[in-house]
Amino acid sequence: MNSVDLAVELGLPAVCLLGWAIVYWAAWLLTRPADVAPAPASMTLPGPESPAVVNLLANRWSLTVDAAEATLLDLAARGYLELRQAGPDPRDSTVHPTGRTDGLTEYERQVLDRVVERAVGGLVPLTALAFADEKRAGLWASSLRRAVIDEARRLGLTRRRFPKGLVVALSLLGALAALGVAAGSYHYLSRTQEDDRWGGVGAAFFVTIMVLFAIARRNMGERDTPLGRAVAARWLGLRDWLAGHEAFADLPPAAVTVWHRYLSYGAALGATRGASEVIHLGLGDRSRIWSAYGGTWRQVGVSYPNTLPRYGQPLGWPFVRAVGAGWFGWALVGIVGPAAARQASLPVDPADDPLHFLFGQWFEPWRNLAELDLITLGILLVGLALLGYATYTMIRVFADVASTVTVSGEVIWYQMWQYHSSDESTDRTPINYYLVIDDGRSDQTRAWILPKEISGQCELGDVVTAQVRRWTRRVKQVTVLRAATPAPEIADGSSGTGTVAGGVAEPLLTADELSAAVGRQVRPDRTSSYRGDPRYTAANFNDLTGTFTVSVSVIRGRAGRVLMVIGKGAGEPLPTPRGDEAYLAKDRVVGRRGDVVVMLAPGRNVAATQLAGLLPLALDRAAVQAAAPS
Amino acid sequence: MDSGLVVGVLAGLVLLVIVLLVAAVRGYNRLVRLRAQVRASWAQVDVQLKRRHSVIPNLVETVRGYAGHERATLEAVTAARVAATGTPGGTPARVAAEGALTRSLGRLFAIAEAYPQLRASENFVELQRELAGTENQLAYARQFYNSAVQSLNTAVQTLPVNIIAGLGGFRAEPYFEAAGDERVDVAVRF
């Protein structure tokens, strides 16, 4: 390897990648959101922008958690909600929807929907608006963020930090850098291998270009516009004004009755410490969970078992541990201890031992306990402790086997606890879940451990009855008595990639209609439904044990026609009073109304004939949906 | 006496003096900031009051065109305005004068109810709207002023800042309280 080889094989790729990195860094540096100098402090509300948009502008074009809180306060200031404080503590505030829903932006509607969704009996405690589901909290926040940014862009106040042109330019430069890396690889492989060098070159090029493309296309957030800077300066003037009033920072949320939109803009600008401490629309505190089970709101304190190994384990494991500890303890007490004691003391004449006839040789050394050294005594004590542990564990294991407890109530927290992870992937494979059931009788409870094998059988908000083992906190069996009311759908913003969180074809056939048809309760599977391509939507429904039961699909265009041909070939024709054609096959019921094709696919323990009666209804609804303006 | 002990006591005293000095400077600066905020807040109130004063002559003239014989009420409004503008800002006398003006304006609008032609007058409606907007802004300005006064008065009366306040000439400021008529419509909801 000479210097030319070194330059081409290492120097060229390094220079190419470094050059790309410098360009990227320069782009990052030049597109940073500008620092805005505040306008003179003034109490005048300087513009019509909403508090959420103001939050974006005032925080250097980055939305903070205060945006949702400010929007909630703004809804209260504008009469969509009422905030009432029952006592001296702002945490005793409640939110009351007034029923008004007109004239709201998308994100304001989202916040209002959250309040309405949580309200029981027309009210919800202010601190109960937080989410108990981490994934849903994340989706909710990202949906709100996207809606706020969309409005700010529409108003010309913000723009994409890396515009499409810059991304394209960085991608093209990335391709050039990848060519440099590929050239270095080619030189190296030419020097070291006789054949098959193009595979390695292609791999080097492909990996490099994919990595650089991914970096270039990464969402870098928002940046300022000239109009945005001018507007931000005025709002920062208001922030300075509000920050000058010490008492304003401590106002409780209910003060919105007096301060109106000043409080909501204060929250957006970070000038209301008191109100912001109380309102939280992110993931809730799992140790203090609000529950309305029983009809009235109350806070349930929850403790989580996590330190001892027995938690969540099948009883076999504590049993094995008890046997092991007992065996080892017996070895120490019955074998090691006496052997050491015999060495430490003189043999005892059985004639002098009145208990010899009872314990014989084994007891003999214990007569000389006082003469044992500390180490031997320690060994004996450890052995005794292990025996005690084994005995206690055995008693608890048998007691747990003998007395399984039944707990009934609402699932108020459901979260992955233990999981496997690997170095190769960031995915986590769950082992056990925390399951908190509020039985409505106590304000203090302790989480149960739900093994993954039965984890799909219930979800947050379900009213369940569970058979549990009190000592290991392990759930043996869980049965849903009443399924949770479906929460409003939150788009995850990935419609371009084709994955979405549930509820897509749900309006076509409701869970109740499908339950009646298949003879057992079903509900939508919000993790597997699809709505990526407007020509194809599908919703899966599972029974309450989490088993796939039925799939409802709506297909348009050529794919629908192909599906009809398959159905015709595999099944028998069905009467079609209004539909154009319909077929019943072993694994599907498929029908067409005009250009719209509906397919119902049965899952486990369901026959296609059970679904045939629903097809006309589904076709009717699909035709109406297709005719409706989008 | 042990010289080490003396040095230690002296060092402790010096440290104590430094701590007290720092606390005094911080307290003084806070009082200055609070007083400045009170003045700035009053300036905002004053802006709104001036806007109100500028609307009143037009309003009086408009009402006079339709209800000229309500001389006493019109003169009362004019006199109250003159009294308010002639009183220095930020004083209890000014607060009282503005309250009297608010009450006289209330009586003026009550009279207007009896004159349908006046109520239909475009000019009157516009002036009424402008005055309502000004009153609205004035209400917020008053809230900010009172909030600033509350912070200053609390600081001035609280130990140990009150010692610095006494030495520095800081004093409690008067609140700008709502006129009697404005207090009656407070609804309490349980």
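- Residue B/A141 touches chain A through both its backbone and its side chain, counting heavy-atom pairs closer than 4.5 Å.
- Using a 4.0 Å cut-off between charged nitrogen and carboxylate oxygen, A/E117 and A/R114 count as a salt-bridge pair.
- For residues 236-264 of chain A, the interface with chain B (any heavy-atom pair closer than 4.5 Å) comprises A/W241, A/L242, A/G244, A/H245, A/E246, A/A247, A/F248, A/V258, A/W259, A/H260, A/Y262, sorted by residue number.
- At a heavy-atom separation below 4.5 angstrom, chain A is approached by no residue within residues 8-23 of chain B.
- No part of B/T154 comes within reach of chain A, as not one of its non-hydrogen atoms sits under 4.5 angstrom from that chain.
- A distance of 8.5 Å separates CD in B/E98 from OG1 in B/T85, rounded to the nearest 0.5 Å.
- Listed by chain and number, the residues in a salt bridge (Lys or Arg N to Asp or Glu O under 4.0 Å) with B/R26 amount to none (sequence neighbours excluded).
- For B/Y175, there are no ring pair (Phe, Tyr, Trp, His ring centres under 6.0 Å) partners, not counting sequence neighbours.
- Proximity to chain A (any heavy atom under 4.5 Å) is shown, for B/Q143, by both the backbone and the side chain.
- Minimum heavy-atom separation, B/G27 to B/I164: CA-CD1, 4.4 Å.
- Remark: the B/R81 side chain and the B/S104 side chain contain no N/O donor-acceptor pair separated by less than 3.5 Å.
- Contacts of B/S151 with chain A are made by side-chain atoms alone, with heavy-atom separations under 4.5 Å and no backbone atom involved.
- For B/A36, no part sits under 4.5 Å from any heavy atom of chain A, backbone or side chain.
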